[in-house]
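Starting from 1, each residue takes its place in the sequence as its number. If you're wondering where the values come from, they're calculated on a predicted model, not measured in any experiment.
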Amino acid sequence: MRYPGGVAAIDGLDLDVHAGECFGLLGPNGAGKTTTVEILEGLLEPTAGDVEILGMRWSTDERRLRERLGVSLQETHLPERLTVIEALILFRSFFTKGREPEDVLRAVSLEEKRASYYEKLSGGQKQRLAVACALVGDPDLLFLDEPTTGLDPQSRLQLWDVVTEFKRAGRTVVLTTHYMEEAERLCDRVGIIDRGKLIALGSPRELIAALGGREVIEVTLGGGAIGEDRVGALSGIRGVSAVRRVAEGLALTADPLHVALPALLDHLRGAGLQLERLATRHATLEDVFVALTGRGLRD
C-alpha cells in the first residue's frame with residue numbers, strides 16, 4: 001500500500017491466518033498494522049496484491065463477507081444520546097442473522113449500563129461496547145485494531161476475557177497491538193511488522209526462544225561509558241547468548257539463569273567493574289523486536 005507522495009505503508013506483506021486462531025500483528029506506531037487490517041476489512045483498496053478472506057474476495061463477495069466479519073476500529077465514536085442497548089440493537093439490524101443484543105451485553109459485562117447514554121460511559125466501557133457492536137452479528141472472523149490502547153488494567157483484562165471466550169467458541173481473531181503482554185497472553189501466533197514489512201512470524205514462545213535465551217539480565221555499571229570490547233567480553237560469558245545496550249546500561253540474554261548470573265558476577269569482580277544495578281526478568285516479544293531492529297516498540 002502506497003499513499004500519495006510515495007510513502008509505503010505496507011511493503012510486500014505476505015501472511016496466512018488460520019481458522020480458529022488468534023493472530024496478532026505486533027509493531028510500533030506507524031509500522032503498517034492499521035493499514036493492513038483496514039485492507040483486510042475492505043475499508044482500503046490496496047495499491048497492489050491480493051486478499052482472500054474466508055474463501056472470498058472483496059471485489060466479488062462484499063455483501064457475503066460483511067455478514068461474516070466483526071470489526072472494531074482503533075477509535076469508535078457513537079452518538080452521545082444513544083443508549084448502550086440501542087447501539088447494539090442498531091448494529092444487530094445490519095445483519096441478516098446474529099446474536100441477541102442482551103446476550104452480547106452480558107458477554108462484555110455491560111448489563112448494568114444497559115440504559116446508560118454513550119456519553120456517560122467510561123473509556124473502558126466505550127471500548128467494550130465497540131467490541132460488543134462487532135460481536136452482535138455473530139461473526140466468524142473478528143478484527144480488533146489496538147482494542148486496549150489507553151485503557152486501565154481492569155478494563156484491559158475484561159476485554160482479554162471477551163477475546164478468549166470468542167476464540168474458545170472456535171472463531172478467528174485478528175488483532176493489532178503494541179503491547180507485548182497482550183500479544184503473549186492472547187495470540188496463538190504473532191507477526192511482527194516494521195516499516196511495512198513482516199520481519200518475524202511464529203508463536204510467542206517460538207519467537208522468544210529464537211533469541212537464544214528465556215531470561216534477560218539487566219545491569220548498570222559504574223565508571224562511565226562501556227566500550228565495545230567490554231560488551232564483547234560479556235557476550236562470551238557462560239550462559240549468555242547476546243548482549244545489547246539499553247538506556248541505563250546493558251541487557252544480557254541468558255539461559256539458564258542459574259549458570260549465567262554467577263558467571264556474570266565472577267566476570268565483573270575479576271575485571272574490577274562496579275555493579276550499580278542488576279535485575280532479572282523473563283524475555284518478552286519486545287526483546288525479540290529489539291534484537292531484530294535495534295530499537296524498541298515505542299521508539
Side-chain angles (χ1 to χ4, degrees), residues 20-26 29 33-34 37-38 40-41 43 65-188 204:
E21 75 173 344
C22 180
F23 185 90
L25 287 173
L26 180 67
N29 292 329
K33 304 187 303 295
T34 294
V37 295
E38 287 185 349
L40 300 179
E41 293 163 352
L43 301 178
L65 268 172
R66 297 238 178 263
E67 286 284 348
R68 297 179 64 185
L69 302 185
V71 175
S72 179
L73 303 174
Q74 196 170 114
E75 291 187 17
T76 299
H77 300 283
L78 298 175
E80 291 186 349
R81 302 296 285 180
L82 200 67
T83 66
V84 168
I85 191 62
E86 287 171 345
L88 288 177
I89 291 171
L90 172 65
F91 275 77
R92 171 62 184 85
S93 71
F94 300 154
F95 298 90
T96 304
K97 299 178 181 179
R99 299 173 61 178
E100 289 296 322
E102 296 287 356
D103 291 340
V104 179
L105 206 63
R106 286 190 289 273
V108 298
S109 302
L110 283 177
E111 308 101 300
E112 294 182 0
K113 295 296 180 178
R114 184 184 187 282
S116 298
Y117 288 126
Y118 183 74
E119 65 178 350
K120 299 296 184 180
L121 301 180
S122 67
Q125 291 164 349
K126 287 179 179 178
Q127 197 76 319
R128 276 185 281 148
L129 177 57
V131 173
C133 291
L135 292 174
V136 78
D138 198 21
D140 295 309
L141 173 58
L142 178 64
F143 287 103
L144 302 173
D145 191 5
E146 299 197 8
T148 63
T149 297
L151 297 188
D152 61 86
Q154 182 179 1
S155 297
R156 182 173 292 133
L157 289 174
Q158 288 173 325
L159 267 181
W160 288 358
D161 289 340
V162 172
V163 174
T164 300
E165 285 301 315
F166 183 82
K167 193 183 75 167
R168 189 172 290 144
R171 311 298 176 89
T172 307
V173 182
V174 175
L175 70 88
T176 72
T177 183
H178 55 249
Y179 293 122
M180 298 78 65
E181 182 186 4
E182 185 162 271
E184 292 175 32
R185 171 81 171 265
L186 297 178
C187 298
D188 300 290

Using a 4.5 Å cut-off on heavy atoms from C-beta on, say whether the side chain of [Y] contacts that of [X].
| X | Y | answer |
| --- | --- | --- |
| Leu73 | Asp145 | no |
| Thr172 | Phe23 | no |
| Leu159 | Leu144 | no |
| Val37 | Leu43 | no |

side-chain hydrogen bond (donor to acceptor under 3.5 Å, both in side chains) assessment of Glu182 paired with Thr148: CA-CA 9 Å; Glu182 185 162 271; Thr148 63; 2.4 Å; yes
Provide the closest heavy-atom pair for [X] versus [Y] in the form atom of the first, atom of the second, distance.
| X | Y | answer |
| --- | --- | --- |
| Leu121 | Lys126 | O-CE, 3.5 Å |
| Val173 | Phe166 | CG2-CD2, 3.5 Å |
| Gly124 | Ser155 | CA-OG, 3.6 Å |
| Val162 | Ala107 | CG2-O, 3.6 Å |
| Ala134 | Pro139 | O-CG, 3.5 Å |
| Leu88 | Pro101 | CD1-O, 3.7 Å |

Please check if the side chain of [X] supplies one atom and the backbone of [Y] the other of a donor-acceptor pair under 3.5 Å.
| X | Y | value |
| --- | --- | --- |
| Ser122 | Gln125 | yes |
| Arg171 | Leu142 | no |
| Glu80 | Tyr117 | no |
| Thr176 | Glu146 | yes |
| Thr83 | Ser116 | no |
| Arg92 | Phe95 | yes |
| Arg128 | Val108 | yes |

Glu111/Arg114 ion pair, N-O < 4.0 Å: no
Going through the distances and angles, do Lys97 and Asp138 end up as a side chain to side chain contact (heavy atoms under 4.5 Å, CB included)? CA-CA 8 Å; Lys97 299 178 181 179; Asp138 198 21; over 6 Å; no
Working to the nearest 0.5 angstrom, can you tell me the gap between [X] [atom1] and [Y] [atom2]?
| X | Y | atom1 | atom2 | result |
| --- | --- | --- | --- | --- |
| Leu151 | Trp160 | CG | CH2 | 10.5 Å |
| Glu38 | Lys33 | CD | NZ | 12.0 Å |
| Arg106 | Asp103 | CZ | CG | 4.5 Å |

Can you name the residues that form a salt bridge (charged side-chain N to carboxylate O under 4.0 Å, His left out) with Lys113, not counting sequence neighbours? none
Going by atom types only, do Glu67 and Thr96 share a side-chain donor-acceptor pair under 3.5 Å? yes
Between Ser109 and Gln158, is any side-chain donor less than 3.5 angstrom from a side-chain acceptor? no
Pair Glu86, Leu78 - check side chain to side chain contact (heavy atoms under 4.5 Å, CB included), show working. CA-CA 11 Å; Glu86 287 171 345; Leu78 298 175; over 6 Å; no
Test Leu135 against Arg99 for side chain to side chain contact (heavy atoms under 4.5 Å, CB included), laying out the working first. CA-CA 8 Å; Leu135 292 174; Arg99 299 173 61 178; 4.3 Å; yes
Assess whether atom CD of Glu102 is packed by more than 12 heavy atoms of other residues, nucleotides or ligands within 6.0 Å. yes
Verdict with reasoning, Arg185 to Tyr179, per side chain to side chain contact (heavy atoms under 4.5 Å, CB included): CA-CA 10 Å; Arg185 171 81 171 265; Tyr179 293 122; over 6 Å; no
